[in-house]
Amino acid sequence: MPEFIHLKIKRQNNPNEAPYWEEFKVPYKPNMNVVSVLMEIRKNPVNAQGKKTAPVTWDCSCLEEVCGACTMIINGNVRQACSALIDKLPQPITLQPLSKFPVVRDLKVDRNVLFEHLKKVKAWVNIDGTFDLGPGPRVPEKERRWMYEISRCMTCGCCYEACPNFNAKSSFIGPAPLAQVLRFNHHPTGAMDKEERLNLIMGDGGITDCGNAQNCIEACPKRIPLTTAIAKLNRETIVHSIRRWFAS
Amino acid sequence: MARKVIVVGGGLAGLMAAIKTAEAGVDVDIFSLVPFKRSHSLCAQGGINAALNTKGENDSIQQHFEDTIVGGDFLANQPPVKGLVEAAPGLIYAFDRMGVMFNRTPEGLIDLRLFGGVKNRRTAFAGATTGQQLLYALDEQVRKWIAAGKIREFIGWEFLSAVIDDEGICRGITAQDLNSMEIHSFRADAVVLATGGEGMIYGKSTNSVICTGSAAGAVYRQGVPYANGEFVQFHPTAMPGDDKLRLMSEASRGEGGRIWTYKDGKPWYFLEEWYPAYGNLVPRDIASRAIYKVCVEMGLGIDGKNQVYLDLTHKDPEFLEVRLGGILEIYRNFYGEDPAKVPMKIFPAPHYFMGGIYTDWNHMTPIPGLYAAGECDYMYHGANRLGANSLLSAAYSGYICGPNMVKYIKGLKKSADDVSGRVFDQEKKRQVDIFEAIYRMDGTENPYTIHEELGETMITHVGVVRYNDNLKMADEKIQGLMERYKRININDTGRWANDVVPFVNQLWNMLELARAITLGALNRNESRGSHYKPEYPERDDDNWLKTTKAYWTDSGPRFEYEEVDTSLLPPRARKYD
């Protein structure tokens, strides 16, 4: 059993300064994960050289891989830090911030763009109000199951990090919102705004910017069938554009 | 300038309050530590209760009411609970219309399952991630309002204090941007705190790490009473862990899961034996005490440790995946074993705070214009909360709080905009001074170590079973931590995205609330719901059928007590055997 957990962390003081690497050795305990190791560091913020340093900044909240906050690059793979179990990771363990989003400090990044894209595609059911109008439409259980799979997306950004067509300069809307469009377009009430959502993803940065690299499905921690969803949505946009052409 | 509401907290209660306010035509600013989708509501798993009565079991709103009141051991004021259960079906339907992916019956209707402390199926659910699905639905609706310009979001901001004017009326807040570390004041005609539970006071719990209770502690220090703090729910089934005690939903028992350990070499289903009427589905306080007794007092935990089995292995794996997939995934990811094949190892963990910020039945605190909704309030669950009632009370309290604030604003003689800037500058300066003092802390104590010791103290002495000697000792320990707090070294003097400095501020609020919780427990010499003292094993309605109200003073909490409104259901013995 190792005595220490050896970490190499890519750090950055703020968005304007250059990044640097710092190493840490944290006393080993069984059943630790990357978040609990980072928590140990802040109780004794000393680096591997024995020098006092600032505790590492990172985002986390639920610690059960439901909130998506602690997403980072661990040994080269994008994933959540809370469910990255130390006993299963080769050492030294490297931690890096997501590369496709602006670094705030250390491992904390600004992922606001993910939520902006959800806004762009109108990822909601347009209800008139929250007052009591009785039950919603009936939904077949079989339909519900695949829509539920997509609605478990925690907007963590793994699929964006893995996607070769998304970067700070591209306008690609990304895999996750496309899957949401499919889900809302198939909800009985959501379908009433189907054409509008399809129009929104048929322009610049829309579904045609997907290069079909299929990295997203591999990276998704919730195994959301992103590629199947995008393929299905692609067919629907084609049908929609033909209809639109006939109507014009 | 348009009149405005500030919502603090982007969980279920906060978002619902924001939507209801926006629907009434009033602009809203929401302040949240994290993007709304990362709020702690998403950790609620099993479901949300409403007497939809779609299972041919003659379920009724009255039955839901009685179960909730009895489950709470008669400590909740009854008229607000009546409002809660009456609104429940309509709320579920509103969520349904928003597109929440509730599990369905073969007819496409919302399916219901069984939960603890009840005999009828009353719990609507979306797999085992119901809180997530409800939160996401409100997040989507709020996004629509943001796109329409009616709601603004301040993500990555922490509430520091209420701004209270010379007349004692709340006129806004101070808050800190957790990246730039700047502190600002914001004007509003009404403010609602929807800041969730206080799990971090116990160190490790089922709560997210953002659930510090700091906002509740801050307004407690500004004069708002903290009510029923001693009532802390321990969830019977959580996965033991070093960094977090991960919840394994009560739904696992609702769907047929059984609790057992070995006795005389054979499986012993002690809940089924002790409580034949409800079996594994006794309310949480009772199940937690039973597991505690089996492990700690009888020494019968699995492998000699504080843990027993939660067993689903007799159920069909596909059934489990469709109805409990989310929690099976958590167990597999963090424990490496498949609950469909091997029984889960579980032990009780701090989970939910029945107590909280004191408000009237409209959710307004004694400071006019300052409201509280959701887990941070104290209203609906008495001495013990029934499973799947928390998503309901979170959504419902926001649902009524929004319109209540709008009504209050309409009756205001003067708007926050007419209040002197001096009031806002003074409060902002007070906060800036507090933080500048924190930046200068260069002693020898580590704040995270103090926090860890606070958690150990609370979980050991203010837990499932409480003794007065231990409670006294815990309070002395907390006061000792408050002394050590003054010698903290912050280790990071950076002025950008500094995590330590806000934590040090939160920590003081946690310590203050910890004293209110501990001394509230010490005072209450009876056993009721989650509060259990072997020295006083019975409920004592003659002396203790009353709400605890802790007031902050600089020499520790001062307590007052208030009669409970039991006008709808006379108190009776609480029996589940």
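Note on naming: letters A, B, ... go to the chains in the order of the sequence lines (proteins, then strands), and numbering restarts at 1 for each one.
- Taking 4.0 Å as the cut-off between side-chain N and carboxylate O, B:Glu329 and A:Lys222 count as a salt-bridged pair.
- A distance of 9.0 Å separates CG in A:Asn33 from CG in B:Asp242, rounded to the nearest 0.5 Å.
- Of residues 106-116 of chain A, those residues with a non-hydrogen atom less than 4.5 Å from any non-hydrogen atom of chain B are, in numerical order, A:Lys108, A:Arg111, A:Phe115.
- Looking at B:Phe102, only its backbone comes within 4.5 Å of chain A, counting heavy atoms on both sides.
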Begin with the C-alpha distance, continue with both residues' side-chain angles, and end with the deciding distance and a verdict on side chain to side chain contact (heavy atoms under 4.5 Å, CB included) for B:Asn333 and A:Glu65. CA-CA 9 Å; B:Asn333 283 347; A:Glu65 206 197 64; 3.2 Å; yes
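- Inter-residue side-chain proximity for A:Pro55 and B:Asn491 is flagged as met; some heavy-atom pair is nearer than 4.5 Å.
- With hydrogens and angles disregarded, no donor-acceptor distance shorter than 3.5 Å links the side chain of B:Arg104 to the backbone of A:Glu143.
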Working note: A:Leu118 + B:Arg143, criterion side chain to side chain contact (heavy atoms under 4.5 Å, CB included); need CA distance, chi angles, decisive distance, verdict. CA-CA 8 Å; A:Leu118 287 175; B:Arg143 191 162 291 113; 3.8 Å; yes
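- Without hydrogens or angle criteria, B:Asn446 side chain to A:Lys43 main chain gives a donor-acceptor distance under 3.5 Å.
- Ranked by heavy-atom pairs shorter than 4.5 Å toward chain B, the options A:Met39, A:Lys88, A:Arg145, A:Lys142 are led by A:Arg145.
- The CZ atom of A:Phe131 sits 8.5 Å away from atom OH of B:Tyr399, with the distance rounded to the nearest 0.5 Å.
- Heavy atoms of A:Ile127 lying under 4.5 Å from chain B belong to its backbone as well as its side chain.
- Within the 3.5 Å criterion, the main-chain N or O of B:Trp496 finds a donor-acceptor partner in the side chain of A:Arg105.
- By a heavy-atom distance cut of under 4.5 Å, B:Gly127, B:Ala128, B:Thr129, B:Gln132, B:Gln133, B:Tyr136 are the residues of residues 127-136 of chain B near chain A, going up by number.
- For the set A:Ser61, A:Ala54, A:Cys153, A:Gly190, the count of heavy-atom pairs under 4.5 angstrom toward chain B peaks at A:Ser61.
- In this structure, chain B has no heavy atom under 4.5 Å from any part of A:Asp59.
- Interface remark: A:Pro135 contributes backbone and side-chain atoms alike to the contact with chain B (heavy atom separation under 4.5 Å).
- With hydrogens and angles disregarded, a donor-acceptor distance shorter than 3.5 Å links the side chain of B:Lys244 to the backbone of A:Cys62.
- Only the side chain of A:Lys29 comes within contact range of chain B, judged by heavy atoms closer than 4.5 Å.
- Of the residues considered (A:Pro188, A:Pro137, A:Ser36, A:Gly134), A:Gly134 shows the highest number of contacts with chain B, using heavy-atom pairs under 4.5 Å.
- Remark: side-chain polar atoms of A:Arg144 are paired, donor with acceptor, to backbone N or O of B:Met101 under 3.5 angstrom.
- For A:Ala48, the side-chain contact (heavy atoms from CB on, under 4.5 Å) test picks out A:Glu23, A:Lys25, with sequence neighbours left out.
- Only the backbone of A:Ala123 comes within less than 4.5 Å of a heavy atom in chain B; its side chain stays farther off.
- With chain B as the partner, the residue from A:Cys60, A:Cys156, A:Gly136 showing the most heavy-atom pairs under 4.5 Å is A:Gly136.
- Against chain A, the residues from residues 92-99 of chain B that qualify, each with a non-hydrogen atom under 4.5 angstrom away, are B:Tyr93, B:Ala94, B:Asp96, B:Arg97, B:Met98, B:Gly99 in number order.
- The residue among B:Ile146, B:Val322, B:Leu52, B:Asp111 with the most heavy atom pairs within less than 4.5 Å of chain A is B:Val322.
- A donor-acceptor contact shorter than 3.5 Å is absent between the side chain of A:Glu141 and the backbone of B:Thr105.
- Between chain A and the residues B:Asn103, B:Ile210, B:Leu247, the most heavy-atom pairs under 4.5 angstrom are made by B:Asn103.
- When B:Lys37, B:Gln141, B:Lys144 are compared by the number of non-hydrogen pairs under 4.5 Å with chain A, B:Lys144 comes out ahead.
- Using modelled atom types, one finds a donor on one side chain and an acceptor on the other under 3.5 Å when comparing B:Glu23 with A:Thr130.
- Counting heavy atoms from C-beta on, the side chains of A:Leu63 and B:Ser208 never come closer than 4.5 Å.
- Note on B:Met16, B:Glu107, B:His451: by heavy-atom pairs under 4.5 Å with chain A, the leading option is B:Glu107.
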